[in-house]
Every structure is written in C-alpha cells, then in structure tokens.
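FYI, side chains are in, hydrogens and waters are out, and symmetry mates aren't considered; it's all heavy atoms of this structure. For the single chain, residues carry numbers from 1 onward in sequence order.
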Amino acid sequence: MAATYAHSNSPRGIHYLAKRLRESWQWYLLLLPALAYIIIFEYGPMYGVQIAFRNYRPTRGIWGSDWVGLKHMIRFFQYPYFWMMIKNTLSITLYSLATFPCAIIFALMLNEIGVLKVKKSIQMLTYMPHFLSEVVVCSLVILFLDRTTGPINNMIAALGGTRSNFIADPNAFSTIFVWSGVWQNLGWNSILYISALTAVPMELHEAARIDGANRFQIIWHINLPSILPTIIITFLLRMGGLMSVGFSKIYLLQNSLNLDTSTVISTYVYEIGLLGGQFSYSTAIGLFNNVVNIIILLLANKITSLVSETSLF
C-alpha cells in the first residue's frame, strides 16, 4: 500500500492524472455541478455543527459565541420526556422497517403478471400516490378516518360496529402513519426491485421449469437470491435513518389528543429550534440523532458484511 501511495504521488502518477484530465475533461466537466452541490449543501453546513457546542447568539456569530461543550447534550439527556421521545421515534421507525418486505413482495408478484397491459396499469396506479404531496396525503387520511363522514367509519357502522375517532387515538397513530406511507410509496419503492428482476437470466427460469419447479420455487430459489444484493443495500440505507422520522407528516397528523405517541425528536426540534429560537440546543439534538444513525448504519453494515458478500463499504 505504501508503494502504491508513493507511486500515486510520484511525477509519473501526476502526469498520468493530468493526461486523464486532458483526455476526458468533458466527463469531469459534467461531474462539476454534482460535486459543487455536494460540497455546498452537504459538506458546507457541517461548519455550523459547532453551534451544538456553543451558546450561539446570532448577533455574535458562530465564532464569537461562548463555547459550552456538552452542556446542550446533557440538557437533552436530562429532559423529562427524553425517553418518551426516543420510544415514540423508535416505535414508528421500527414499525416502518417491519413493512420493508412489502415493496419486495409487490415487485415479485408484479413480475409474475404475464399480461403487459395489466402490469403497466397496476404500476401506474401504485406509482401515482408517490407524487402526491404529504399535505394532500394527510388530508386524505384525515378525511377517510373522520368519525362522522369517513368511509372507514361508515363501513364499521354498516357492519354493526362503533365509530371511532382514529386520528385522536394515541394507540392508532403509529399504524396510521406507517400504513399510509406504505400506500403512498409501495409502487415507487418497488421500482428498484422490478429493475433488478428484469436482469435475471431467463435461461435460469427455463432450466428450473424443465427440472419441474413451480412458480413459487422459481421465485424462492432464483428471483429472490438474484435481487438479494439490491435488497441488502436498500435495507442498509433504511437502517441509516432509523432514528429519523419525517417531520412534516408527523406534524400534519399530530393533534393535542395523540401527543403521547406522536411527539418525536423531529417535532421537538421544530418546537424548540424554529419556534423557540434555541438554535444551539436544537442543533445538539440533531447532531445526537445523526451520530446514532451513523453508529446503527456502521453496525448493520458490519453484520451484513460478515453474513453475506454485500455491504455498502
């Protein structure tokens, strides 16, 4: 490795790099906008992370504000509702993670449809909800679950049941949040798996049929193993956001009656950061959240690298 490093820094290595730049400068030019975007919007804001360790005052600037170390972190850990927020956040994210196989199952089922028109129609119908804004989706959820006029309650009443105010029920919040997300993103999340299934060689299917395999056995022994690397990568990416719950949808479905289960880290950061103006405290909470996500991602990636040949790095 030392020899490689020395070689890459030798005049010959620099000459080779300059030659590549001259020969393929068009490709590097096309890369510049994406590189500039990452530097400006991804790495640039990291400069402000130090606010989490300062008593930030806008009038004094970042460097002019007093350094307080881990004061804001300790304050967050001592917050009376700290464990409640962690529990609510994990209950929603783990519930959502449990629905991860839904897109895979849908892609496998869709792949078995032989009639192209039917397949395209189902794809279009399942893709459409993804392009609805979260405001529209949450409005539809509230309308459908309305106690007096909602279709769900009307159906329950028609079957002899009792109408319920689902949106106000704290125990129903996680289920409403997660399954409305599954409905909205099922088709869109399956695109990657459908694309991976198209790359499965048809010769494997034909050989399996000759050997007497039925459709389920072909799915289990050929299709599923073929897309397993794609499944692992997408699962790891989901694990990297285990402590993150989208703020907007939570906030739109939240009300005073379901706060016991709908209060999560993102809504708390919004309240104390944007509404309360406690920038250092909210930044410290966000930093804590990101550090936990990184640790979970590294652990999950290590486990998958040990049990399989696929990992992010």
Side-chain angles (χ1 to χ4, degrees), residues 1 4 20 23-24 26-27 30-31 34 92-132 137 175 178-242 244 293-313:
M1 182 178 293
T4 304
R20 288 295 303 271
E23 292 176 349
S24 306
Q26 298 94 336
W27 299 110
L30 290 174
L31 186 65
I92 293 174
T93 54
L94 290 174
Y95 193 169
S96 180
L97 191 65
T99 64
F100 176 77
C102 290
I104 302 169
I105 295 171
F106 178 75
L108 292 170
M109 293 174 63
L110 197 62
N111 189 61
E112 293 300 308
I113 298 176
V115 183
L116 185 60
K117 287 186 177 180
V118 176
K119 185 176 181 179
K120 294 294 183 182
S121 299
I122 294 174
Q123 283 181 305
M124 183 184 67
L125 290 173
T126 53
Y127 293 169
M128 284 174 60
H130 175 78
F131 298 99
L132 298 175
V137 171
T175 301
V178 171
W179 286 104
S180 61
V182 171
W183 167 76
Q184 184 182 9
N185 298 306
L186 180 65
W188 185 260
N189 291 340
S190 67
I191 292 177
L192 196 60
Y193 307 118
I194 294 172
S195 300
L197 285 168
T198 59
V200 179
M202 293 305 297
E203 292 81 3
L204 295 177
H205 288 191
E206 294 171 1
R209 291 192 187 96
I210 293 173
D211 291 338
N214 56 37
R215 297 182 74 173
F216 178 77
Q217 289 172 329
I218 292 174
I219 292 172
W220 185 258
H221 295 289
I222 297 177
N223 290 348
L224 200 56
S226 298
I227 65 172
L228 188 60
T230 304
I231 294 173
I232 292 174
I233 294 299
T234 52
F235 179 77
L236 288 174
L237 294 175
R238 287 282 294 271
M239 288 294 293
L242 193 63
S244 300
N293 280 333
I294 292 172
I295 293 173
I296 294 173
L297 175 62
L298 293 175
L299 289 175
N301 186 73
K302 183 64 176 179
I303 293 171
T304 55
S305 65
L306 291 175
V307 301
S308 68
E309 297 180 356
T310 305
S311 61
L312 288 174
F313 42 84

Roughly how far apart are [X] [atom1] and [Y] [atom2], rounded to 0.5 Å?
| X | Y | atom1 | atom2 | result |
| --- | --- | --- | --- | --- |
| Tyr127 | Gln184 | OH | CD | 15.0 Å |
| Leu297 | Met239 | CG | CE | 8.5 Å |
| Ile233 | Ile231 | CD1 | CD1 | 11.5 Å |
| Ile191 | Thr126 | CD1 | OG1 | 8.5 Å |
| Leu312 | Ile232 | CG | CD1 | 10.0 Å |
| Phe313 | Leu236 | CZ | CG | 8.5 Å |

side-chain hydrogen bond (donor to acceptor under 3.5 Å, both in side chains) pairs touching residues 189-203, sequence neighbours excluded, are Tyr193-Thr234
Original post:
If you look only at pairs with a residue in residues 297-308, which of them pass as a side-chain hydrogen bond (donor to acceptor under 3.5 Å, both in side chains), with sequence neighbours excluded?
Top reply: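 Listed by first then second residue: nothing to list.
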Side-chain atoms of residues 99-112: list all donor-acceptor pairs with protein atoms under 3.5 Å, sequence neighbours left out, distances to 0.1 Å.
from	atom 1	to	atom 2	distance (Å)
Thr99	OG1	Ser96	O	2.5
Glu112	OE1	Arg215	NE	3.1
Glu112	OE1	Arg215	NH2	3.1

Q | Residue pair Thr310, Leu228: steps toward the side-chain contact (heavy atoms from CB on, under 4.5 Å) verdict | A | CA-CA 9 Å; Thr310 305; Leu228 188 60; over 6 Å; no
Test Arg238 against Thr93 for side-chain contact (heavy atoms from CB on, under 4.5 Å), laying out the working first.
-> CA-CA 9 Å; Arg238 287 282 294 271; Thr93 54; over 6 Å; no
| query | Does a sphere of radius 6.0 Å around CH2 in Trp179 hold more than 12 heavy atoms from other residues, nucleotides or ligands, not counting ones at 6.0 Å or beyond? | reply | no
TODO: Run the numbers on Tyr95 and Ile92 for side-chain contact (heavy atoms from CB on, under 4.5 Å), then give the verdict.
DONE: CA-CA 5 Å; Tyr95 193 169; Ile92 293 174; 5.7 Å; no
Those residues at least two apart in sequence (or on a different chain) that pass side chain to side chain donor-acceptor pair (under 3.5 Å) with Arg20 are Tyr16
Taken in chain and number order and not counting sequence neighbours, the residues that satisfy side chain to side chain contact (heavy atoms under 4.5 Å, CB included) with Ile222 are Val200, Leu204, His205, Ala208, Ile218, Ser226
Where at least one partner belongs to residues 98-109, residue pairs that pass salt bridge (charged side-chain N to carboxylate O under 4.0 Å, His left out), sequence neighbours excluded: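 Listed once each, the pairs would be none.
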>> Please find the pair of heavy atoms, one from Asn293 and one from Gly241, that lie closest to each other, and give the distance.
In response: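 Taking Asn293 first and Gly241 second, the nearest heavy atoms are OD1-C, 3.7 Å.
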Review point. Side chain of Asp211, backbone of Ala213: donor and acceptor closer than 3.5 Å?
Key: no
